Visitor: 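Here you go, one structure.
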Amino acid sequence: MILVFSLMGSLIPSAMLFILPFAALAYFFAPPTFNLNDPRDLPVVVAFLVASIIGTHLIGKVRREREVALEAAARLRRSEAELRDREKQWREIFEHNPVMHFMVNATGMVLNVNTFGATQLGYAPSELVGHSVLKVFLEEDRPFVRERVGLCIETVGQSHTWEIQKIRKDGSVLWVRENAKAMQWAEDKLVVLIACEDITERKRTETALRRSEAHLAQAQELSRTGSFGWNVATGEVHWSKETFRIFQYDPSTKLNPQLVVDRTHPEDRAAVRETIDRAFQNEEGFEHEYRLLMPDGSVKHLHALARAIRTASGDIEFVGAVTDITAAKQAEQQLRRSEAYLAEAQHLSHTGSWSWDVHRLEFVYRSAETDRLFGFDPEQAVSIETIRSRIHPDDLPRLQEVPRQAIEDKGGHFEYDFRILLPDGAIRRIHSVAHAVVGSDGSVSELIGTHMDVTEQHAARERLERALAALRESEQRFRDYAETASDWLWETGPDHRITRFSEHTSAAGILATRVVGLLRWEIAGDVEAEPEKWRQHRATLDARLPFRDFIYRTVTQMGSPIYVRTSGKPFFDADGNFLGYRGVSTDITATIRADQAERELRKAQAELAHVTRVTTLGELTTSIAHEINQPLAAIVTNGEACLGWLGRETPDLSAARCSVEWIIEDGIRASEVIRRIRALAKKGEIEMVPLDINDIVKDVIALVTRELVSHQVSLRTELTPALPLILGDRVQLQQVITNLVMNGIEAMQTVSDRPRELVIRSSHDDMGRVHLAVADCGVGITEEDADRVFNPFFTTKSSGLGMGLSICRSIVEAHGGSLSIARKQEPGATFQLVLPLHKEVVS
């Protein structure tokens, strides 16, 4: 009972509660079997009490442990409830968190996904759980996802963030920013918790911004327009990509306004500096065009436009655009050049363009050349009356008919001519070509065409017609000449056989039917006599070269020899193929015979001149004998003196040497006299050599000195030194001068009232010709005799033949010069000899 009661509470109260009933019962209803006063019962009582106390203690301990267990169980139950509540709460949070959450294992299999996340992807959570998380990624992103999950597994507890696209169930794209971390899970398994933030809108905005920037960059590149910004206060400069491209600076270049100036063309640099400085000072926008000189030497044209704005901080900032207008400038220049070319072409071709409104009857457009053709002022409008007044009245109906017909036919092309009456009365002829312009309504609205000034062509055509008429007349004239001329025309083929011959050659005794088909050397009669001439002629023909004045001998049909001079030139077809020769031949038999007669005459004249010279020498015999005797007498005297010097007892060798030297000098002098006499007396062919006229004069003087002395004539020479050389025969010219000197001496024989003086004067004129004058102071020549003095057989001398001056004049003219009588006031006569220079001297 005690143990039972101990279960109720503490031991002492349980024991007291148990003992007290037993004591009361034992005291009142039962004999005392058990007496506390009995010592025998005391151990029992003690044992009972000890046993009760131990039992009660044990029972109490058990009861307390049971109470502790109950309390622990109660706490566990409360903890479980709390955990369940928290799990529910967190699940609610997990499920309804507006952020997508994934829980995947190391293989990437989805362990859990919140409802929000699954719904955001268009799935139910059950459609994702148990499947690979790669299901919601693009194929190309899956390697990256594997790599990210692997990185999280390798770095447990560390967070990793990345941005990636997820694919919704409907195929649309969802951009997310994922934050993931690996952690331990049940049974120490690793899981990766992934929180996904929807950044689709941000990505869409960024994409739109990048697209906008790309579009702007593309637009700038396409329009060749770059943008720039310049904060004046901070000096910060911003250029767009296109601006860098335009200036060809590297995008990494540190920007400043000086870069613009450095790249500017030197001729525009001052203007650009001025524009920048003015914008900076006035704080206002600017607009200007300038050129850039690029590193490769090319030139760019830029148009820059900037606006000055004030920033939030109050600073001035220039924001603008710069456009590469090089292509536009080039196109503009080309357009201007094309317009200039067109205008120049119209001016050169005298062709004007125009457009005519067929209803309003006025020019819609007319070029400058059209105005020039009509004589209109380009700056003024012209009325229909003015236009009609410039049209020739005879041509006006035709011009008015053209638009009417175009309207009626609803189209068509027209070509017509008319005349323009210019204000100055001139007439300009126009050839016009036009076509009708048909509008969308099917009616003709305009005529477009050209006016070509054909005045010159018309005049040229008239001149051509006149020229053709004149040519036909000339052709007939030359045909008549050819048929009546003594020359005859011939033509040969490629084989040099005669194919055509003038029909009138019968007049020369050569029948055309006889020579046609023959070679020229087959009709010639001197081929064997002059083989070299014919060899050279055939070489010329083989070389297909023209030849001129080829002379050969042949015979007439009657067998008489004739001489023929022929000239010819080759002719070819349009392809350059040789077709033969054409030429003309002339019978020069009479000329040849005249030349032969002339040569005979010249020979006779030479004989006569020789006789004249010999006659002159006869007249000079005394003088010549004196000239020879003098050195011979001196030689004899010096020889005797030499013997005397040597015959002395002591020979004077020095004096003897001098005598011998004088003998030699006199011998040379005598020899020179004889040489000159022999030269003058010799008979030979003319020898033309370069000569000094002064030397010839000196030779003559040596021959006539004695005559001058014997006739008491003083000689005065005025010879100009260093005269240019002449080409002549020394003997013949000596004869001329000697004749003139001897004539002068004879002319002064009767002169007693004045000194007898003969003057020989040489000079040259401005043309370089050599002049020689022989003047005397004799009786002179009358006016009547002056015209006949050079005629053969005319003489004023009683014993003269009258051939001297005639021969002298022939000799001078044979030298290309002239011999004449010069008029003078003083008594006497002057003969003037003029000779041309030697060609080598002239050249």
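Counting begins at 1 with the first residue of the sequence. Just so it is clear, the structure is predicted and the values come from calculations on it, not from any experiment.
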Visitor: Would the distance check show the side chain of Asn105 and the main-chain N or O of Met109 forming a donor-acceptor pair, the cut-off being under 3.5 Å?
Guide: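 A pair under 3.5 Å: yes.
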Visitor: Taking atom types as modelled, is there a side-chain donor on Thr207 or Arg211 under 3.5 Å from an acceptor on the other?
Guide: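 Side-chain D/A pair, Thr207 to Arg211: absent.
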Visitor: Give a yes or no answer on whether the side chain of Thr155 reaches the backbone of Gln158 with a donor-acceptor pair at less than 3.5 Å.
Guide: no
Visitor: Can a salt bridge be assigned to the pair Glu163 and Lys203 using a cut-off of 4.0 Å between side-chain N and carboxylate O?
Guide: yes
Visitor: Would you say that more than 12 heavy atoms from the other residues, nucleotides or ligands in this model lie under 6.0 Å from the CZ of Arg360, or not?
Guide: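 12 or below, so no.
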Visitor: In a check of side-chain contact (heavy atoms from CB on, under 4.5 Å) between Arg428 and each of His392, Arg419, Arg372, His350, which one passes?
Guide: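 Exactly one option meets the side-chain contact (heavy atoms from CB on, under 4.5 Å) with Arg428, and it is Arg372.
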Visitor: If the condition is side chain to side chain contact (heavy atoms under 4.5 Å, CB included), which residues does Asp371 pass it with, not counting sequence neighbours?
Guide: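 Asp371: side chain to side chain contact (heavy atoms under 4.5 Å, CB included) contacts with Arg366, Phe376, Pro378.
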Visitor: Give the minimum heavy-atom separation between Val99 and Cys196, together with the two atoms involved.
Guide: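 Shortest heavy-atom contact: CG1-O, 3.3 Å.
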Visitor: Taking NZ, NE, NH1 and NH2 as the nitrogens, is one of them in Lys166 or Glu178 under 4.0 Å from a carboxylate oxygen of the other?
Guide: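 Yes, this pair counts.
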Visitor: Leu293 and Pro266: which non-hydrogen atoms are nearest, and at how many Å?
Guide: CD2-CD, 3.9 Å
Visitor: Decide, yes or no, whether a salt bridge links Glu385 with Arg388 under the criterion of side-chain N to carboxylate O below 4.0 Å.
Guide: no
Visitor: So which heavy atom on Ala436 is nearest to which on Ala406, and how close?
Guide: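 Taking every non-hydrogen atom into account, CB-CB, 4.1 Å.
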Visitor: Taking atom types as modelled and ignoring hydrogens, do the side chains of Glu287 and His303 form a donor-acceptor contact shorter than 3.5 angstrom?
Guide: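 There is such a pair (donor and acceptor under 3.5 Å, judged by atom type) between the side chains of Glu287 and His303.
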Visitor: Ignoring hydrogens and angles, state whether a donor on the side chain of Ser355 or Glu446 is under 3.5 Å from an acceptor on the partner side chain.
Guide: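 Yes, Glu446 and Ser355 have a side-chain donor paired with an acceptor closer than 3.5 Å.
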Visitor: Cation-pi check, Arg307 to Phe318: give yes when NZ or CZ is under 6.0 Å from the six-membered ring centre and within 45° of the ring axis, no otherwise.
Guide: no
Visitor: Applying ring-ring contact (aromatic ring centres under 6.0 Å, His included) as the test, list every pair that has at least one member in residues 415-452; sequence neighbours left out.
Guide: Trp354-His451, Phe374-His451, His413-His435, Phe418-His451
Visitor: Give me the atom names and distance for the closest heavy-atom approach of Leu138 to Ile167.
Guide: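 Of all heavy-atom pairs spanning Leu138 and Ile167, the closest is CD2-CD1, 3.0 Å.
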Visitor: Is the shortest distance from a Lys or Arg side-chain nitrogen in Arg204 or Glu201 to a carboxylate oxygen in the other one below 4.0 Å?
Guide: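 Yes.
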Visitor: Indicate the atoms forming the closest heavy-atom contact of Arg245 with Lys300, along with that distance.
Guide: O-NZ, 3.8 Å
Visitor: Are Phe247 and Trp239 near enough that their ring centres are under 6.0 Å apart?
Guide: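 Yes: the rings meet the under 6.0 Å criterion.
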Visitor: Would you indicate whether Phe280, at its atom CZ, is surrounded by more than 12 heavy atoms from other residues, nucleotides or ligands within a distance under 6.0 Å?
Guide: no
Visitor: Counting heavy atoms not belonging to Asp424, are there more than 12 under 6.0 Å from its CG?
Guide: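 Yes, CG of Asp424 has more than 12 neighbouring heavy atoms, counting only those of other groups under 6.0 Å.
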Visitor: Without hydrogens or angle criteria, can the side chains of Arg291 and His301 be said to hold a donor-acceptor pair below 3.5 Å?
Guide: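 Looking only at side-chain atoms, His301 and Arg291 do not form any donor-acceptor pair under 3.5 Å.
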Visitor: Side chains of Gln220 and Ser240: donor-acceptor distance under 3.5 Å anywhere?
Guide: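 Per modelled atom types, Gln220 and Ser240 side chains form a pair under 3.5 Å.
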Visitor: Give the intermediate values and the outcome of salt bridge (Lys or Arg N to Asp or Glu O under 4.0 Å) for residues Glu221 and Lys241.
Guide: CA-CA 9 Å; Glu221 183 177 353; Lys241 181 180 178 181; 5.9 Å; no
Visitor: Side chain to side chain donor-acceptor pair (under 3.5 Å), that's the test. Do His359 and Ser445 meet it? Break it down for me.
Guide: CA-CA 7 Å; His359 300 291; Ser445 59; over 6 Å; no
Visitor: Is Glu139 salt-bridged to Arg142, cutoff N-O under 4.0 Å?
Guide: yes
Visitor: So, using side-chain hydrogen bond (donor to acceptor under 3.5 Å, both in side chains) as the criterion, who are the partners of Ser389 when residues are at least two apart?
Guide: none
Visitor: Closest heavy-atom contact between Asp198 and Thr200?
Guide: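 So the minimum-distance heavy-atom pair works out to OD1-OG1, 2.7 Å.
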